[in-house]
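Remember, it's 1-based here, ligands and their atoms both numbered in the order they're listed.
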Amino acid sequence: MALQLHDSLTRSLQTVKPSHPDGVYRFYNCGPTVYAAAHIGNFRSFVVNDIIRRMLEVEFGADKVRHVRNLTDVDDKTIRRAREENRSLGDVTTEWTAKFHADCEALNCLPPHVEPAATDHIPEQVNMIQVLMDKGNAYRAADGSVYFKVSSFDNYGRLSRVKERELKAGSALEAGNTGKDTLSVDADEKEDGTDFALWKAWKKEDGEVKWTGPDGAAEGRPGWHIECSAMSKKHLGETIDLHTGGVDLLFPHHENEIAQSECCNGIEFAHHWYHSEHLLVDGKKMSKSLGNLYTLDQLKEMGHSPMALRYVLLAGHPRKQLNFMLSSLEAAEKALQTLRAFRTAIDGQAGDDAQFDPVFAAMRDDLNTPGALGALFSIIKQGSANVDAASFDRVMFALGLDLTPPAEETTVIPANITELADQRWAAKQAKDWDTADSLRDEITAAGWTMKDRKDGYDLEPVASRQ
Ligand code: AMP
Ligand code: ZN
């Protein structure tokens, strides 16, 4: 069976296949907004996309997949964060991009082949906007912003099936969405409430963030939607095979991307649209605005491994909502131990490589990851005799489960802290309590806890230090 994925456009399962003569499958995944640590809900979407990437490699071979995942490094949120922290935009986005990469690596997500940043593609975005203006699909507003004229694109709403009536309340819909550009949607400037910004004229709050816009437009910055249209075109061409993101991106973001790209290029934008479902907490979407989130660091501080989180995410069907519970991480850790022990038991063994077909069959059936794990564990239950180690490793690759035991964290204690601790220990032996106390305060202020034993002491980082 070939790999099939749900397609949001046709609302049906579609077989995945490359459409370009070079046989390279072109895959674009909307990436993170880099203004804070991504939460584990965000990572649900990136882990699901990593599974897609891996299954595409299983299907077509690693050299026949081109995976692009962008960085949204200019939008309302990133600009606001920079302003609040009195830092430059680049400073903020560089910091959070590095954090995002570290978390992706910990979760064993393969890096995309290209990771374009929106601020590195301003000319490409301006060019697209210019074409849209020249073709009559976009217009300049009084303040020098440029808007896309939704009524100029007959197919608008095909993906999300938004009805005309809902569209009329477009701003309300947009505000209820996790759109990255909700703040400066300025309804007064638009000819129609459904139109959306392609280019936003500079405002005082934008500080130093501004570029030269299309002809006749004010200096300013691109809207969020055009960023993805331009980066996808630049790195994958005018028509791509698959475009993905979380369900909240379906409208308006992806609907708007289709409108911009198809009007500009005059050709179909993406053959296939896939959307993964949300991670919930107590029945509500995990989100920064609700404050009900966990980051990977928080889970690590509680003693959970990133691989356990990946396992928990795999245990839910990617297109069904998943309610996150901390207790599920413990069960996941046990499952990983079982997998590790099994891998050790089959080491060096060869056997029938069709044994794991049911696992791959579940994966090919719209990424049924819980089904795949079920099939895997029923094979494990039958015992390790004659199980083919190389085939087992292929299953681990497809699921992205790294079975290397988590390394014991080795804490490096800085020399000045050891020195202070030695001094405090000596003061304590000399019963100079004042000096000992003030040295302890110094050590604590530097982020370390000194725990005394009978014959010496231990130094530990204060838990909240990271
Ligand atoms: P953002 O950085 O806000 O653009 O989000 C990055 C990705 O995370 C997008 O594909 C969102 O659809 C997705 N996302 C946001 N919240 C959740 C959630 N609670 N569960 C799953 N995916 C989410
Ligand atoms: Zn996007």
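Taking a cut-off of under 4.0 Å to the non-hydrogen atoms of Glu277, the atoms of ligand 1 that pass are 21 (C). Interface of Pro32 with ligand 1, defined as ligand atoms under 4.0 Å from a residue heavy atom, comprises 2 (O). Within the listing of ligand 1, atoms 16 (N), 18 (C), 19 (N) sit less than 4.0 angstrom from a heavy atom of Met286. Every atom of ligand 1 is numbered from 1 in the order shown, and the set under 4.0 Å from a heavy atom of Gly41 is 17 (C), 18 (C), 19 (N), 20 (N), 21 (C), 22 (N), 23 (C). For ligand 1, the atoms closer than 4.0 angstrom to any heavy atom of Gly246 are 10 (O), 12 (O). Close contacts of ligand 1 with Leu249, meaning ligand atoms under 4.0 Å from a residue heavy atom, involve 9 (C), 10 (O), 12 (O).
Among the atoms of His253, an N, O or S atom falls under 2.8 Å from the Zn ion (ligand 2).
Looking at Ser287 next to ligand 1, no N or O pair under 3.5 Å apart turns up. Close N/O approach between Lys77 and ligand 1 is not found [any backbone or side-chain N/O within under 3.5 Å]. In terms of polar-atom proximity, defined here as any N/O pair under 3.5 Å, Asn42 does make such a contact with ligand 1.
Ligand 1 is never approached by Lys288 to a heavy-atom distance shorter than 4.0 Å. Put simply, part of Phe46 is less than 4.0 Å from ligand 1, judged by heavy atoms.
Using cut-offs of 30° and 60° on the angle between ring planes, the pair Phe43 and Phe46 is perpendicular. Relative orientation of the His243 and Tyr28 rings is tilted, given thresholds of 30° and 60° on the angle between their planes.
Using a cut-off of 4.0 Å between Lys/Arg side-chain N and Asp/Glu carboxylate O, Glu205 and Arg83 are scored as not salt-bridged. The pair Glu57-Arg53 meets the salt-bridge criterion, with a side-chain N (NZ, NE, NH1 or NH2) lying under 4.0 Å from an Asp/Glu carboxylate O. A salt bridge is defined here as a Lys NZ or Arg NE, NH1 or NH2 lying under 4.0 Å from an Asp or Glu carboxylate O, and Asp50 with Arg310 meets this definition. The existence of a salt bridge linking Arg69 and Glu115 is confirmed by a sub-4.0 Å separation between a basic side-chain nitrogen and an acidic carboxylate oxygen. A salt bridge is defined here as a Lys NZ or Arg NE, NH1 or NH2 lying under 4.0 Å from an Asp or Glu carboxylate O, and Asp357 with Arg364 fails to meet this definition.
For the residues Ser45, Gly245, Pro318, Ala36, the heavy atom positioned nearest atom 7 (C) of ligand 1 is part of Ser45.
Looking at Asn292 and Lys284, their side chains never bring a donor and an acceptor atom within 3.5 Å of each other.
Taking a 6.0 Å sphere around CD of Glu208, one finds it holds 12 or fewer heavy atoms contributed by other residues, nucleotides or ligands.
Take the Zn ion (ligand 2) as the corner point: the lines to SG of Cys30 and to SG of Cys228 open at 130°, to the nearest 10 degrees.
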